[in-house]
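Just below is one structure, and these are the notes that go with it.
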Amino acid sequence: MARYFMGIDVGTGSARAGVFDSAGTLLGTEKKDITVFRETGSIVEQSSNEIWNAVCTASRGAIAASGVEPAEIVGVGFDATCSLVVLDKDGAPLPVGPSDDPERNIIVWMDHRALEQAERINAMGHRVLDYVGGRISPEMETPKLLWLKENRPEIFDRAWQFFDLTDFLTWRASGSLARSVCTVTCKWTYMAHEAAWDESYFRKAGLEGLVDEGFARIGTEVVDPGTALGEGLRADAAADLGLAPGTKVAAGLIDAHAGGIGTVGAKGGGTPQDNLAYVFGTSSCTMTTTTEPVFVPGVWGPYYSAMVPGAWLNEGGQSAAGAAIEQLLRFHPAAADAQAAASAAGKPLPVWLVDRATELAGEGGDAARLADGIHVVPEFIGNRAPHADPHTRAVIAGLGMEADTDNLVALYIAGLCGIGYGLRQIIEAQAENGAPIKTVVVSGGAGRSDLVRQLLADATRVSLAAPRTEEPVLLGSAILGAVAAGDFGDMQSAMAAMSSNEAVYDPAEATASYHDQRFGFYGKFQALAREAAVRS
């Protein structure tokens with residue numbers, strides 16, 4: 001019997017599933033949108049029931065599209081955003097915000113309601129902060145848990161389990177309460193290199209109750225990604241997903257880390273240590289693998305075994321990337337006209353903008369020159385790395401009175417350059433502290449065009465590789481399923497067998513001085529924005 005693997009990915013706006021063969025070929029995929037609830041006070045919430053239903057719809061659609069028999073899919077892997085799921089003793093959802101709607105039981109990764117709690121934790125100081133770049137982020141889970149305890153104490157007390165979204169999905173699928181070392185190390189302060197929670201951190205932070213109960217609500221069993229969980233798919237979950245009961249369920253990954261697994265170990269692409277995985281979506285994440293721990297101020301980690309088992313990981317990124325570009329475009333008076341033109345052409349707006357930029361630049365032209373005089377620091381919700389500053393905000397400089405779509409294209413290109421310069425800061429900060437890389441491997445929907453890839457290579461001054469698959473995040477989760485099913489002995493061999501690169505974009509030497517100059521302006525504007533945020 002042929003053997004296939006499914007990857008399931010839950011991003012901020014949708015759930016997706018894909019069926020792959022053992023060579024990493026995508027045979028069928030499906031997507032289902034999910035709701036994001038927003039309230040004042042930086043509140044962003046979702047529903048775990050809705051997400052599970054979306055996952056099941058996507059899974060059944062992917063199987064139908066693949067033409068594969070469900071019994072031939074022998075392993076399934078999950079990845080998701082690092083969002084906090086709260087359940088009661090019956091496994092039912094509990095409300096986490098002012099709506100009091102129990103269906104809104106997820107505090108989404110981008111929710112910054114716990115900013116004050118994060119600042120208090122940073123002010124108190126603790127050794128675990130050394131493993132998150134020196135400062136914990138409100139995107140992480142212990143500040144969010146502290147917010148719940150202080151603002152919704154009855155919900156905090158009633159909660160049976162606090163899950164990272166990935167671990168919720170694997171529990172729902174298999175019944176196992178095991179947590180992935182990826183989720184709890186990267187977002188919950190688990191000390192994977194010691195295989196333990198640090199009790200003193202939780203007591204000092206004000207979460208002593210979690211210590212007193214033996215960490216039962218946040219995870220007492222922690223396993224490597226790709227570990228087979230429980231007895232495989234439970235019968236009810238199998239029916240929901242359209243798969244066979246007993247199908248192996250792998251311990252999962254955060255979505256960006258799944259993108260890393262799907263890219264950094266590609267056949268012929270060097271070792272994982274050579275490559276920085278750049279997942280360019282709503283936000284962006286950077287994943288850098290090292291043999292020994294490397295401490296980089298403002299960059300999360302080092303995390304042991306959080307992506308590639310047995311290796312250390314540094315995680316950076318930008319709190320808003322694709323979302324920053326969308327926000328940037330909304331400010332321009334020609335946004336509606338451009339959207340109408342894109343719709344008339346049957347294209348998404350970013351694709352239309354790329355096509356127009358290519359046309360304006362001309363044959364062999366440098367699209368970056370379209371942004372002459374316009375500079376963007378796209379930090380609309382702060383800087384994730386390397387400054388770890390959630391207070392700083394975006395800067396847009398050089399706009400005039402133009403209201404035409406070509407000026408919107410110029411603003412779009414300036415925004416992409418800004419994304420590239422932010423990535424360059426992370427790369428340089430890591431190299432200065434002992435974690436150099438040779439290649440950026442890009443994944444995510446926002447980085448699929450040749451123009452965007454070349455701009456990123458030119459802006460960072462680092463070669464950029466594009467994976468063969470169009471769905472590297474789904475592939476990363478499918479690789480987990482393949483390892484759990486026993487088709488590969490370890491993650492590294494599975495990565496080399498199932499992933500490969502399609503193209504490499506080298507930085508153009510002719511643009512080096514131009515981008516160096518713009519990068520210098522970027523740093524100056526960014527510094528002014530951070531100074532202004534502090535003063536205000």
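Computed from a predicted structure; not experimentally measured.
- A cation-pi arrangement is absent between R179 and Y190 under the rule of less than 6.0 angstrom and at most 45 degrees off the ring axis.
- W352 meets the side-chain hydrogen bond (donor to acceptor under 3.5 Å, both in side chains) test with no other residue; sequence neighbours excluded.
- Among all heavy-atom pairs drawn from V85 and S48, the shortest one is CG1-CB, 3.9 Å.
- Residues V409 and L360 have side chains in contact (heavy-atom distance under 4.5 Å, counting atoms from C-beta outward).
- The side-chain hydrogen bond (donor to acceptor under 3.5 Å, both in side chains) search around E69 returns none, not counting sequence neighbours.
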Under 3.5 Å, which donor-acceptor pairs link side chains of residues 245-261 to any protein atom two or more places apart or in another chain?
from	atom 1	to	atom 2	distance (Å)
T247	OG1	A244	O	2.6
H257	NE2	E315	OE1	3.2

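- Residues L455 and V452 form no side-chain contact, since every pair of their non-hydrogen atoms from C-beta on lies 4.5 Å or further apart.
- Legend: residues meeting side chain to side chain contact (heavy atoms under 4.5 Å, CB included) with T511, ordered by chain and number and at least two apart, are D366, D458, R461, A508, H515.
- Residues P386 and E428 are not in side-chain contact: their nearest non-hydrogen atoms beyond the backbone lie 4.5 Å or more apart.
- Applying the ring pair (Phe, Tyr, Trp, His ring centres under 6.0 Å) rule to F20 yields no partners; only residues at least two apart in sequence or on another chain are considered.
- A side-chain N or O of S319 and one of E139 form a donor-acceptor pair less than 3.5 Å apart.
- No donor-acceptor pair closer than 3.5 Å links the side chain of N501 to the backbone N or O of A503.
- Counted within 6.0 Å of CD on E103, heavy atoms from surrounding residues, nucleotides or ligands total more than 12; the atom is thus considered enclosed.
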Contacts table for residues 321-331: side-chain donor-acceptor under 3.5 angstrom, sequence neighbours left out:
from	atom 1	to	atom 2	distance (Å)
Q327	OE1	R330	NE	3.3
Q327	OE1	R330	NH2	2.6

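- Looking at every heavy atom in both residues, M307 comes nearest to M491 through O-CE, 4.4 Å.
- Using a 4.5 Å heavy-atom threshold, the side chains of L313 and V308 count as separate.
- The nearest pair of heavy atoms linking A306 to C186 is CB-SG, 3.6 Å.
- No side-chain donor-acceptor contact under 3.5 Å links D21 to the backbone of L27.
- Taking a cutoff of 4.0 Å between a charged side-chain nitrogen and a carboxylate oxygen, D355 and K347 qualify as a salt bridge.
- Every pair passing ring-ring contact (aromatic ring centres under 6.0 Å, His included) that includes a residue from residues 259-287 is listed here, sequence neighbours excluded: Y278-F280.
- Using a 4.5 Å heavy-atom threshold, the side chains of R356 and Y412 count as separate.
- How far CG of D406 is from CG of L411: 12.5 Å, rounded to the nearest 0.5 Å.
- The CG atom of N49 sits 9.0 Å away from atom CD1 of I106, with the distance rounded to the nearest 0.5 Å.
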Just do the side-chain contact (heavy atoms from CB on, under 4.5 Å) check on V184 and D164 with the steps written out, would you? CA-CA 8 Å; V184 294; D164 217 72; over 6 Å; no

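- Going from atom CD1 of I8 over to atom CG of L480 covers 11.5 Å, rounded to the nearest 0.5 Å.
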Stepwise side-chain contact (heavy atoms from CB on, under 4.5 Å) test for L276 and Q430: CA-CA 11 Å; L276 178 147; Q430 292 187 157; 3.8 Å; yes

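- Under the 3.5 Å distance criterion, the side-chain polar atoms of Q454 are matched with a main-chain donor or acceptor of D506.
- Looking at S343, its side chain does come within 3.5 Å of a backbone N or O of Q339 through a donor-acceptor pair.
- Looking at every heavy atom in both residues, D490 comes nearest to V483 through O-CG2, 4.0 Å.
- Side-chain atoms of F5 and V74, non-hydrogen and from C-beta on, do get closer than 4.5 Å to each other.
- For the atom pair SG of C56 and CG of L241, the computed distance is 4.0 Å after rounding to the nearest 0.5 Å.
- Put simply, the side chain of N275 gets close to the backbone of T271: a donor and an acceptor are under 3.5 Å apart.
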Apply the test side-chain contact (heavy atoms from CB on, under 4.5 Å) to residues V223 and L229: give CA-CA distance (whole Å), side-chain angles for both, the deciding distance (0.1 Å), then the verdict. CA-CA 9 Å; V223 299; L229 299 177; 4.1 Å; yes

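- Looking at heavy atoms from C-beta onward, R3 lies in side-chain contact with D487 at the 4.5 angstrom threshold.
- The OG1 atom of T469 lies 5.5 Å from the CG atom of L26; values are rounded to the nearest 0.5 Å.
- With sequence neighbours excluded, no residue satisfies ring pair (Phe, Tyr, Trp, His ring centres under 6.0 Å) with H387.
- Remark: side-chain polar atoms of D224 are not paired, donor with acceptor, to backbone N or O of T227 under 3.5 angstrom.
- Of the possible donor and acceptor atoms, one in the side chain of S83 sits under 3.5 Å from a partner among the backbone N and O of W109.
- Here the side chain of E30 pairs no donor or acceptor atom with the backbone of I63 at under 3.5 angstrom.
- Under a 3.5 Å cut-off, the side chain of Q318 and the backbone N or O of I419 do form a donor-acceptor pair.
- In plain terms, the two heavy atoms of A277 and T263 that are nearest each other are CB-OG1, 3.8 Å.
- Inter-residue side-chain proximity for P507 and S463 is flagged as met; some heavy-atom pair is nearer than 4.5 Å.
- When the ring pair (Phe, Tyr, Trp, His ring centres under 6.0 Å) test is applied to W312, the partners found at least two apart in sequence or on another chain are H193, Y304.
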From CA spacing to verdict: side-chain contact (heavy atoms from CB on, under 4.5 Å), R384, S137: CA-CA 8 Å; R384 181 181 291 168; S137 167; over 6 Å; no

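- Evaluation of the ring pair (Phe, Tyr, Trp, His ring centres under 6.0 Å) rule for Y522 yields Y421 as partners, not counting sequence neighbours.
- Qualifying salt bridge (Lys or Arg N to Asp or Glu O under 4.0 Å) partners for D337, counting only residues two or more places apart in sequence or in other chains: none.
- Taking all atoms of both residues into account, the shortest heavy-atom contact from G7 to S477 is CA-CB, 3.7 Å.
- Legend: residues meeting salt bridge (Lys or Arg N to Asp or Glu O under 4.0 Å) with D111, ordered by chain and number and at least two apart, are R113.
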Does the pair T35 and E50 meet the rule for a side-chain hydrogen bond (donor to acceptor under 3.5 Å, both in side chains), with working shown? CA-CA 8 Å; T35 307; E50 182 191 5; 2.8 Å; yes

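- Electrostatic pairing of R16 and D79 does not count as a salt bridge here, judged by no charged N lying under 4.0 Å from a carboxylate O.
- The distance from the OG1 atom of T290 to the CG atom of N314 is 5.5 Å, given to the nearest 0.5 Å.
- In terms of modelled atom types and a separation under 3.5 Å, the side chain of D274 and the main chain of G269 share no donor-acceptor contact.
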